Amino acid sequence: MSEALLYSFRRCPYAMRARLAVRYSGLPVQIIEVSLKAKPAEMLALSPKGTVPVLCVGGQVIEESLDIMHWALAQHDPDDWLLQGDPRVQELIAENDQVFKHHLNRYKYAERYPEQPMEHYRAEGEVFLQKLEALLARNDYLLAEHLSLADMALAPFVRQFAHVDREWFACTPYHRLQTWLQRFLESPLFVAVMAKP
Ligand SMILES: N[C@@H](CCC(=O)N[C@@H](CS)C(=O)NCC(=O)O)C(=O)O
């Protein structure tokens, strides 16, 4: 079988979560950093929708970040990131991808949505931060006492939200979430997947 290729963009949160799972699984995958302004023709031939990440392995093309994570974990998941199929993992990721991401975009690019002030979009996103804070009051990680797919799928998006205004985030009462995010940012796994190509 030819080597697996992962088309990625370093700063894209979807690509980050795919790289996290691939690296954790230890599978041999070559990462190809692309420019979103000039996507390689080979990538577009495999996946005409033109988003990253895209994984090409043994003739199969996987073009959704979550599917790439599942592909990696199905083969090697030494620390039970899948939490044995606990349905709460998928539920939390769905809320992140379908609701929180929507508010994150409006908060991050508030000037493009002048119907409301930035604080309005931030407050809408904060509802999800409050939910995560409550989950972290029960366990050290979102859904267990150890890392899971939920932490890794969400953290790149929470990072983006926190980094829109770092001072604001540092002053929020979400202390458990701040600690959780900091631990993620300093983890060898995250540092490794963010190394400049
Ligand atoms: N649902 C997709 C979303 C991926 C996505 O939207 N990626 C962005 C970059 S963060 C992208 O490639 N956008 C295309 C572009 O900017 O041209 C996934 O989970 O993989």
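As the structure lists them, so they are numbered: ligands from 1, and atoms in each ligand from 1. Hydrogens, waters and symmetry mates are skipped; everything else that's a heavy atom, side chains included, is used. Everything numeric here is computed off the predicted structure, so don't read it as measured data.
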Please tabulate, one line per pair, the protein N or O atoms found under 3.5 Å from any N or O atom of ligand 1, giving the distance to one decimal.
unit_1	atom_1	unit_2	atom_2	d
ligand 1	1 (N)	E64	OE1	2.7
ligand 1	7 (N)	V52	O	3.0
ligand 1	12 (O)	V52	N	2.9
ligand 1	17 (O)	K39	NZ	2.6
ligand 1	19 (O)	E64	OE1	3.3
ligand 1	19 (O)	S65	N	3.3
ligand 1	19 (O)	S65	OG	2.7
ligand 1	20 (O)	S65	N	2.9

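The only option from Y14, F128, F184 that meets the ring pair (Phe, Tyr, Trp, His ring centres under 6.0 Å) definition with F157 turns out to be Y14.
Note on residues 17-51: pairs passing ring pair (Phe, Tyr, Trp, His ring centres under 6.0 Å), not counting sequence neighbours, are Y24-W81.
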Indicate every side-chain donor-acceptor pair of residues 57-66 with a distance under 3.5 Å to a residue at least two apart or in another chain.
unit_1	atom_1	unit_2	atom_2	d
E63	OE1	S47	OG	2.4
E64	OE2	K49	NZ	2.9
S65	OG	R17	NH1	3.0

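The distance from atom NZ of K39 to atom OG1 of T51, rounded to the nearest 0.5 Å, is 7.5 Å.
Here the side chains of Y174 and L132 are not in contact, with every heavy-atom distance at 4.5 Å or above.
Y107 pairs by the ring pair (Phe, Tyr, Trp, His ring centres under 6.0 Å) definition with F161, not counting sequence neighbours.
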